Peer 1: 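Dropping a structure here in structure tokens format, bear with me for questions.
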2 protein chains.
Amino acid sequence: MPARATRKTSESSDKVSMICRALRRAIIEQALEPGAKLPEDSLGERFGVSRTIARHALGQLAAEGLVELRRNRIAVVATPSWQEARDAFDIRIELERLVVRQLAGKLTKSQISELTDHVDAEDRARGGTDAASIRLATEFHILLAQMTNSPILVRYVSEVAYRCCLTLSLYSRPHSTECAINEHRAIIAALAKGDEAKVMELMHHHLDSVANRALVAPTPQRGRDLLDVLAPYADEVTSDRVVKLPKVARRG
Amino acid sequence: MPARATRKTSESSDKVSMICRALRRAIIEQALEPGAKLPEDSLGERFGVSRTIARHALGQLAAEGLVELRRNRIAVVATPSWQEARDAFDIRIELERLVVRQLAGKLTKSQISELTDHVDAEDRARGGTDAASIRLATEFHILLAQMTNSPILVRYVSEVAYRCCLTLSLYSRPHSTECAINEHRAIIAALAKGDEAKVMELMHHHLDSVANRALVAPTPQRGRDLLDVLAPYADEVTSDRVVKLPKVARRG
DNA sequence: GACCGTCAAACTGCATGCAATTGGGGCGCT
DNA sequence: AGCGCCCCAATTGCATGCAGTTTGACGGTC
């Protein structure tokens with residue numbers, strides 16, 4: 001199977017996509033914290049475009065879940081709840097298992113060295129900022145997805161990986177990236193060997209441990225959104241002026 | 001009031017979302033065939049809004065993969081390749097296994113009867129148009145996803161289900177819906193019983209058989225896009241001029 | 001000082017206008 | 001007839017303008 005990435009879906013060279021990319025990167029690198037305001041005017045001015053374009057970009061990012069858009073209100077960087085973060089990781093695990101299942105034993109030499117190079121870059125970035133490390137780790141997974149040559153899979157893995165990236169910045173304590181990098185190397189090795197079951201297990205464990213290391217528990221002091229922080233407490237209040245969250249088949 | 005949907009992310013009551021919903025439905029019911037042109041003007045006129053809004057809606061649908069947007073060109077209803085269809089189903093299987101895994105044994109009485117009611121509606125619609133049957137079957141899966149109360153999962157399952165719906169209209173022969181309906185009932189039963197492994201197996205088999213029944217093979221006589229039909233053959237041609245094709249075949 | 005109503009600035013929702021690009025029909029040439 | 005060229009109607013890309021909504025600051029009242 002051939003090597004190169006596919007970019008048929010979106011992300012051509014129009015201004016909207018450029019702004020999307022810029023904002024996405026700013027968000028996952030935490031240059032823009034969750035909850036940060038994103039007024040159309042300011043964005044337009046900053047990027048040298050009109051509000052129309054900025055607005056359109058915000059729409060796209062909202063569709064990806066990186067931005068929250070409320071009618072007549074300023075858009076803000078999304079602040080996923082802890083449960084949403086957990087859900088995102090659950091989905092991500094399944095999607096990435098699918099990725100490595102398709103890839104096991106099917107990678108070309110050049111693809112493998114491309115992956116190895118990327119992990120080397122991760123290694124080199126270990127001394128740098130946390131943001132850079134997180135971004136590189138995320139991009140490793142996206143790189144893998146791209147090698148499946150399935151545009152849909154690329155899109156979903158990218159989206160959910162970015163979301164996880166965002167939640168990591170919200171809920172994780174400063175974390176050591178070393179084991180993650182080693183796990184990346186192990187995954188590459190298993191992919192090259194073509195051991196499908198093994199690589200799926202590795203990927204599952206890798207993501208699960210990243211999630212568990214990061215999402216240890218709802219850590220209120222880091223949660224930006226008051227509503228989310230107070231949600232569990234509001235449950236105990238038996239007044240009818242408290243907005244009850246639709247509570248259905250939540251596991252737990 | 002049982003288990004209503006979550007609608008936090010998108011789809012509020014603004015015009016863009018209304019048009020999205022309308023177009024989405026038109027597409028999955030095959031009122032708009034794959035390849036159909038969607039000029040911003042016409043859409044705006046038809047829905048009584050400006051081009052700005054129509055454009056924005058097209059952007060959203062393109063992000064969902066239902067519409068193809070090429071720069072400076074008229075937007076068209078997406079025409080997924082056979083391989084993309086297969087990829088979409090693969091992803092869908094994993095996502096929906098996740099859905100039923102979370103739901104097994106956790107449904108309330110009212111949710112179960114809601115599901116049963118829906119399948120009854122599917123049964124009643126069996127005499128009607130194919131489009132209606134397909135739409136109802138798809139909506140059953142979305143209903144399930146909504147009961148997980150995980151907005152992200154709802155979004156992804158909805159999207160991928162719509163995509164599959166679209167591909168079904170492209171590649172499937174007129175199919176009998178009966179077994180699918182029975183499989184829906186079996187899934188509800190297993191969910192109620194709480195047999196997690198069983199329900200995952202059922203869902204897997206259900207989707208796999210739908211996919212296999214529909215996506216039997218690249219069926220050239222039904223494929224709308226000549227380029228896609230010829231793609232596998234072009235792979236074997238080592239010339240670099242294979243892109244140029246004579247004229248397009250007939251429609252429908 | 002705390003509470004509340006009022007109001008202007010800020011911002012969004014949407015339509016319209018203008019320039020740039022496209023593609024398809026008509027026309028001439030061979 | 002077949003082929004290529006050119007031009008114009010159709011259409012998109014984008015900015016701007018106007019109206020409606022929200023925010024939060026100010027001043028009045030208790």
Side-chain angles (χ1 to χ4, degrees), chain A residues 8-23 32 35-63 66-79 224-227 241 243, chain B residues 7-23 32 35-63 66-79 225-227 241 243-251:
Chain A
K8 169 184 171 185
T9 353
S10 48
E11 306 307 280
S12 348
S13 61
D14 59 307
K15 300 191 181 182
V16 173
S17 304
M18 311 257 279
I19 295 178
C20 275
R21 266 197 293 273
L23 283 179
L32 291 170
K37 291 183 182 178
L38 302 169
E40 298 172 359
D41 287 327
S42 320
L43 293 180
E45 190 180 0
R46 192 69 193 75
F47 290 109
V49 297
S50 77
R51 276 202 313 122
T52 309
I53 304 306
R55 180 186 186 73
H56 204 91
L58 286 174
Q60 298 296 314
L61 292 173
L66 292 183
V67 159
E68 275 170 29
L69 225 46
R70 284 130 50 201
R71 187 178 174 87
N72 281 322
R73 287 217 182 42
I74 304 180
V76 296
V77 176
T79 307
R224 292 299 200 275
D225 191 39
L226 194 54
L227 272 175
R241 311 245 333 246
V243 180
Chain B
R7 92 191 58 178
K8 171 184 174 186
T9 349
S10 50
E11 306 307 278
S12 357
S13 61
D14 61 306
K15 299 191 180 182
V16 173
S17 304
M18 310 258 278
I19 296 178
C20 276
R21 267 196 294 271
L23 283 179
L32 291 171
K37 291 181 181 176
L38 302 169
E40 298 171 358
D41 289 328
S42 320
L43 293 179
E45 190 181 359
R46 190 71 193 77
F47 290 110
V49 297
S50 76
R51 276 201 311 123
T52 309
I53 305 306
R55 179 186 188 73
H56 204 89
L58 287 174
Q60 297 295 313
L61 292 172
L66 292 182
V67 159
E68 275 169 28
L69 224 46
R70 283 130 49 198
R71 187 177 173 88
N72 281 321
R73 287 227 189 23
I74 303 179
V76 296
V77 176
T79 308
D225 192 40
L226 194 54
L227 271 173
R241 319 214 323 279
V243 189
K244 269 300 177 199
L245 289 171
K247 258 309 259 183
V248 108
R250 86 271 158 202
R251 295 195 50 86

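Residue numbering restarts at 1 for every chain, and letters A, B, ... go by the order of the sequence lines. What you are looking at is a predicted structure, and each value in this text was computed from that prediction instead of being measured.
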Peer 1: Listed by chain and number, what are the side-chain contact (heavy atoms from CB on, under 4.5 Å) partners of B/R73, not counting sequence neighbours?
Peer 2: B/R70

Peer 1: Which donor-acceptor pairs under 3.5 Å do the side chains of residues 45-56 of chain A make with protein atoms, sequence neighbours left out?
Peer 2:
residue : atom : partner : partner atom : Å
A/S50   : OG   : A/T52   : N            : 3.3
A/R51   : NH1  : A/E40   : OE1          : 2.8
A/R55   : NH1  : A/E40   : OE2          : 2.5
A/H56   : ND1  : B/H56   : ND1          : 3.4

Peer 1: Please report the closest heavy-atom contact between A/L69 and A/A62, naming both atoms and the distance.
Peer 2: CD2-CB, 3.8 Å

Peer 1: When you match B/D41 and A/N72 each to their closest nucleotide on DNA chain D, which lands nearer the 5' end?
Peer 2: B/D41

Peer 1: By a strict heavy-atom criterion of less than 4.0 Å, which residues belonging to residues 47-57 of chain B are in contact with DNA chain D?
Peer 2: B/R51, B/R55

Peer 1: Can you tell me the distance, in whole Å, between the CG atom of B/L69 and the P atom of D/dG13?
Peer 2: 7 Å

Peer 1: What residues, two or more places apart in sequence or in another chain, satisfy side-chain contact (heavy atoms from CB on, under 4.5 Å) together with A/L38?
Peer 2: A/L32, A/L43, A/L58, A/V67, A/A75, A/V77

Peer 1: Expressed in angstrom and rounded to an integer, what is the separation of A/D14 atom CG from D/dC14 atom P?
Peer 2: 6 Å

Peer 1: Whole Å only: how far is the CD1 atom of A/I74 from the P atom of D/dT23?
Peer 2: 8 Å

Peer 1: So where does chain B start and stop touching DNA chain C, 5' to 3', when the test is distance under 4.0 Å to a non-hydrogen atom?
Peer 2: C/dC14 to C/dG23

Peer 1: What closest approach, in Å, do A/C20 and A/Q60 show between heavy atoms, and which atom pair accounts for it?
Peer 2: SG-CB, 3.6 Å

Peer 1: What pair of heavy atoms forms the shortest contact from B/P39 to B/I74, and how long is it?
Peer 2: N-CG2, 3.8 Å

Peer 1: Measuring to OP1 and OP2 of D/dG13, would you say a side-chain N or O of B/R71 lies under 4.0 angstrom away?
Peer 2: no

Peer 1: Looking at every non-hydrogen atom in both residues, tell me the closest pair between B/A57 and B/I19 and how far apart they are.
Peer 2: CB-CG2, 3.8 Å

